[in-house]
Protein chains: 2
Amino acid sequence: MVYKIKFDQFFSYSFSMDCLIFGFSNGKIHILLVKRAMEPYGGYWAIPGDLVYPDEDLPNAAERILEELTELKNVALRQGGVFGKPNRHPQGRVITNAYLAMVRMNETNPQPSSWVEELRWVPVDEVEMLAFDHNEILTATYQRLKERFIHEPICFDMLPLKFTLNELQQLYEYAFGICIDKPNFRKRIKNLPLIELKERQENVKHRPATLYSFDWEKYKSLVSEGHFEFNMWL
Amino acid sequence: MVYKIKFDQFFSYSFSMDCLIFGFSNGKIHILLVKRAMEPYGGYWAIPGDLVYPDEDLPNAAERILEELTELKNVALRQGGVFGKPNRHPQGRVITNAYLAMVRMNETNPQPSSWVEELRWVPVDEVEMLAFDHNEILTATYQRLKERFIHEPICFDMLPLKFTLNELQQLYEYAFGICIDKPNFRKRIKNLPLIELKERQENVKHRPATLYSFDWEKYKSLVSEGHFEFNMWL
DNA sequence: CAGCGTTGTGGTATTAAATACAATAAGTAT
DNA sequence: ATACTTATTGTATTTAATACCACAACGCTG
């Protein structure tokens, strides 16, 4: 089957970025959603995203768009999948690229901006109907996020800088829907480059837990020099 | 910073697919390259790829393009990364999406077609200067391929349907640049759903090795029902 | 067909890690 | 002090990874 298409017809697409920002709070992984104040899909909740400019590199576009819509800066965005069904966007052929990031919700204060009317953190398993094919994008991206959880220390990007071992455990338990024996969990992670702080929890109604930080310096040197591999459950 | 851009300017991009076909032969992982008989980059070696049609879904486009250029059909292509530097294509803004697949080289007979002048399997570590940003695309995609090797049984897509355990071992040794103890290797893989065939190698100058197949049926049922996880080296 | 070289296969002893489960210590609230 | 909640340590058992040795099976050569 041979198609005859004019050159111009090939150069008629648009390209967008969708930024999936994940955070952890109250034992649940959340995603940042925005309410669209603009057609198409005005009034719908959506993943923050917009079109890429003609002379803009993709990583820069993702950063710019995220900041324009939510005022978030200095977020380490990573590339995810591509979604390009011909009719996914009512205004034309728009192929979109998911970019994802993990942030500390307690230190992150997104504000609705540009065409965003409202903005909200929603637990990933409570997300309802979204604009465009954003449900599909979320599902696929969250799946990949969880896979990365196993072999990259990215979960520490969503935990507070000072966290308890229980918070770390809860994060993994939520992500993978499992229960872990507490004493054994602590033994497994004793290989990780964690810094045990002198501080403890405050304002809790029980024995305060010791706070820890992830030692990124040590982690990098371990990886670069020796044969250290981050691994949470084979 | 606020840009003012007309609607039309946003719908002026093009989108392409690049198909990275990997195979294994003589102890080396190869990639299928094509020689371009067309501008731009006429005469250069490149990853087979072309523009997506306006009404075409991405997976279909990848299949069509691969077939048009190499006459390969029924290849299980998977999505890889996106590459979209503003000036990566001399004719305009073309964002490209890598699709990758593993094939059995002994059963695969690609033929140059359409604008492809010539076609060649090249070991991944012997690839030289390619068209566009294809070296970058290859490096990034091969890297991801190797990561998948660890936790997905995709290596069996590039081995012959009937393979020896030594071939399997060689593949992993090449990919990760390591040496593995043969007896131990065989012990590790004894958990895998392999079918030990009644057949043996033929026309070899030494004791013929037993041939094996990967049991995809059993693999699927193991994964779906129980807690089986494919894992080659933590 | 004996003996050599090559490759495949089986075994063991050692080490390290994952698991299950019990017990203790350290705080808070009354 | 006492009860109660949560954090932390300990042990015994099982399981898997590793290193290394020995042997078996086959083709080839003389």
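None of these values were measured; they are calculated from a predicted model.
An OP1 or OP2 oxygen of D:dA7 is reached within less than 4.0 angstrom by a side-chain nitrogen or oxygen of A:Asn166. Side-chain N/O atoms of B:Thr210 include one lying less than 4.0 angstrom from OP1 or OP2 on C:dT9.
For A:Lys205, whose side chain is taken as the heavy atoms from C-beta onward, the closest listed nucleotide among C:dT19, C:dA29, D:dT9 is C:dA29. In the set C:dC21, C:dT9, C:dA18, C:dT9 carries the atom at the smallest distance from any side-chain atom of B:Arg186. Side-chain atoms of A:Arg207 lie closest to C:dA26 of the nucleotides C:dT9, C:dC21, C:dA26. In this structure, the nucleotide among C:dT9, D:dT6, C:dG11 sitting nearest to the side chain of B:Lys182 is C:dT9.
The distance from atom CD1 of A:Ile189 to atom C1' of C:dA18 is 15 Å, rounded to the nearest whole Å. Taking atom NZ on A:Lys190 and atom C1' on D:dT8, their separation rounds to 14 Å, with Å as the unit. Here the C1' atom of nucleotide D:dT15 and the CD atom of B:Glu229 are 17 Å apart, to the nearest Å. Atom CZ in B:Phe185 sits roughly 14 Å away from atom C1' in C:dT9 (whole-Å rounding). Rounded to an integer number of Å, the gap from B:Leu194 CG to C:dG8 C1' is 16 Å. Nucleotide D:dA16 holds its P atom 16 Å from the CE atom of B:Met232, rounded to whole Å. B:Asn231 places its CG atom 14 Å from the C1' atom of C:dA17, with the value rounded to the nearest Å. B:Arg188 places its CZ atom 14 Å from the P atom of C:dA17, with the value rounded to the nearest Å.
Each of B:Thr164 and B:Lys187 was assigned the nucleotide of DNA chain C with the nearest heavy atom; the assignment lying further toward the 5' end belongs to B:Thr164. Each of A:Arg200 and A:Asn184 lies near DNA chain C, and the nucleotide nearest A:Asn184 is the one positioned closer to the 5' end. Comparing A:Pro208 and A:Asp181, the nucleotide of DNA chain D nearest to each residue sits closer to the 5' end for A:Pro208.
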Contacts table for residues 17-25 of chain A: side-chain donor-acceptor under 3.5 angstrom, sequence neighbours left out:
unit_1: A:Asp18; atom_1: OD2; unit_2: A:Thr96; atom_2: OG1; d: 2.8

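Using the six-membered ring where Trp is involved, A:Phe214 and A:Tyr219 have ring planes that are tilted, between 30° and 60° apart.
We find that A:Lys28 and A:Glu126 are joined by a salt bridge, their nearest charged nitrogen and carboxylate oxygen being less than 4.0 Å apart. The existence of a salt bridge linking A:Lys85 and B:Asp57 is excluded, since no basic side-chain nitrogen approaches an acidic carboxylate oxygen closer than 4.0 Å.
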Show, in sequence, the C-alpha distance, side-chain angles and deciding distance for A:His151 and A:Met232, and conclude whether the side-chain contact (heavy atoms from CB on, under 4.5 Å) test is met. CA-CA 6 Å; A:His151 303 285; A:Met232 225 65 174; over 6 Å; no

